[in-house]
Amino acid sequence: MDIALNTTQTLLAVAALIILTIIIVVVMKSRLNRSANAYLTDKHKNTKWHSPMEARNKYPEVNGFRYSGILLRYGLMVSLAVTLFAFNWTTFEKPVYVPDGALDMDEVIEQEPPRTAEPPKPPPPPPPPVIEEVPDEAILDTEQPAFESMDVQADDVVVAQKTDDEAPPPPPPPPPPPPKKEEIFKVVEQMPRFPGCENDGGSNKEKEECAKLKMLEYIYKNLRYPAIARENGVEGTVVIQFVVDQEGKVDEVNIVRDIGAGCGEAAAKIVNDMNNLPERWTPGKQRGRPVKVLYTLPVKFQLEG
């Protein structure tokens, strides 16, 4: 038998047992007091007891131990009832209030995703050589350098020229190429999904709808309405953009549209805290390969009542 008792029902049941126990104690005490009259002394004046200790403190009519069996069974019944109440005590979570159209945006947010690093432009080509015309009547220099005799005599001392035996140092290595930055997609074949629905089965469309519902429940369960915004009646929609990488980690959280009074920071904190969940996002895929995807999330701040 499946019985679910909330906190109020459990406290009322325990209180009823306590009141019933008090009533039984008062009734038993009153009954024994009515029996303890002076006539008991005259009644048992000539009674012969089996043992001198039998009626030393109490007469049989006012002996409370006669009811020990009944009281023991009542105590066992109360203990069993309390145990039953404890096992069926169920705490119910407060339903999460999700505003209507939580994922709808009243206007299109146009923001270009972060661009990947562009390769450097090639250097411009060298200028063409300038050809100078030589006049036909150019006079060539025909002067010859003075002749120097290179003859070596026996008495001459030949001194060897010093040569540098050490090889010149090698040229420095070229600088490493800049790290390649992964491309960030806005729309892919399979969009990223919030955790919690991957083991439920079904098609990708069903998992995507389930993931959106789980994400809304997480956001509006943990979202804290800023006190200054509540006091000043600030309402509206904050738009957050973030990147879900190939491992399902949330990165590059950016407040695209803010309504002020700390609402943007509160929404961004909820998104950043997604990395602290037991499970990560299911990354988006393009052509079967996990890729980085830019995700746009509207968060509505609406005062209840």
Side-chain angles (χ1 to χ4, degrees), residues 105 107-194 204 208 238-258 264-265 267-269 271-272 274-275 280-298:
M105 289 184 288
E107 61 184 36
V108 179
I109 301 298
E110 292 290 345
Q111 182 172 359
E112 193 173 338
R115 295 183 177 180
T116 55
E118 298 181 356
K121 296 181 179 180
V130 179
I131 302 175
E132 298 181 358
E133 295 184 1
V134 180
D136 296 337
E137 298 179 356
I139 300 174
L140 300 177
D141 189 6
T142 59
E143 293 183 1
Q144 299 293 331
F147 178 76
E148 183 178 356
S149 176
M150 302 297 292
D151 296 340
V152 178
Q153 303 295 332
D155 297 336
D156 295 340
V157 178
V158 179
V159 179
Q161 295 182 356
K162 293 183 179 180
T163 59
D164 191 2
D165 296 336
E166 296 181 1
K180 185 179 179 181
K181 191 173 182 181
E182 294 289 340
E183 183 179 1
I184 299 176
F185 295 85
K186 292 182 68 175
V187 179
V188 291
E189 297 172 354
Q190 178 181 317
M191 292 296 290
R193 293 193 293 260
F194 189 80
N204 287 333
E208 185 175 351
V238 174
V239 180
I240 305 292
Q241 282 188 339
F242 56 93
V243 175
V244 180
D245 63 10
Q246 298 93 328
E247 298 179 356
K249 184 179 178 181
V250 175
D251 195 10
E252 301 182 25
V253 180
N254 185 27
I255 304 174
V256 179
R257 188 175 68 184
D258 195 1
E265 291 76 7
K269 181 180 182 304
V271 175
N272 280 313
M274 292 180 181
N275 290 324
R280 289 187 175 180
W281 281 62
T282 300
K285 292 184 179 181
Q286 181 71 8
R287 297 179 181 177
R289 181 176 62 91
V291 292
K292 289 185 175 181
V293 181
L294 183 68
Y295 200 96
T296 303
L297 174 66

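Numbers here are sequence positions counted from 1. All values reported here derive from a predicted model rather than from experimental measurement.
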Student: Restricting to non-hydrogen atoms, name the atom on Val293 and the atom on Lys186 that form the minimum distance, rounded to 0.1 Å.
Tutor: CG1-O, 4.2 Å

Student: State which residues pass side-chain contact (heavy atoms from CB on, under 4.5 Å) with Asn275; sequence neighbours excluded, sorted by chain then number.
Tutor: Lys249, Val250

Student: Residues in side-chain contact (heavy atoms from CB on, under 4.5 Å) with Pro283, at least two apart?
Tutor: Pro290

Student: Roughly how far, to the nearest 0.5 Å, is CD1 of Ile240 from CD1 of Ile255?
Tutor: 5.0 Å

Student: Does anything in residues 281-290 form a side-chain hydrogen bond (donor to acceptor under 3.5 Å, both in side chains)? List the pairs, not counting sequence neighbours.
Tutor: Glu198-Thr282

Student: Is there a donor-acceptor contact under 3.5 Å from the side chain of Asp245 to the main chain of Glu247?
Tutor: yes

Student: Set out, in order, the CA-CA distance, both residues' side-chain angles and the distance that settles side chain to side chain contact (heavy atoms under 4.5 Å, CB included) for Lys292 and Glu183, then state yes or no.
Tutor: CA-CA 7 Å; Lys292 289 185 175 181; Glu183 183 179 1; over 6 Å; no

Student: Any idea which heavy atoms bring Val239 and Thr296 closest together, and the distance?
Tutor: CG1-CG2, 3.7 Å

Student: Can you tell me how far the CZ atom of Phe242 sits from the CG atom of Asp251, to the nearest 0.5 Å?
Tutor: 11.0 Å

Student: Any donor-acceptor pair under 3.5 Å linking the side chain of Asp258 with the backbone of Gly264?
Tutor: yes

Student: Enter the distance from Met191:CE to Leu294:CG here, rounded to the nearest 0.5 Å.
Tutor: 8.5 Å

Student: Checking Lys269 now: which residues fulfil salt bridge (Lys or Arg N to Asp or Glu O under 4.0 Å) with it, not counting sequence neighbours?
Tutor: Asp273

Student: For the residue pair Val243 and Glu252, what are the closest heavy atoms and their distance?
Tutor: CG2-OE1, 3.9 Å

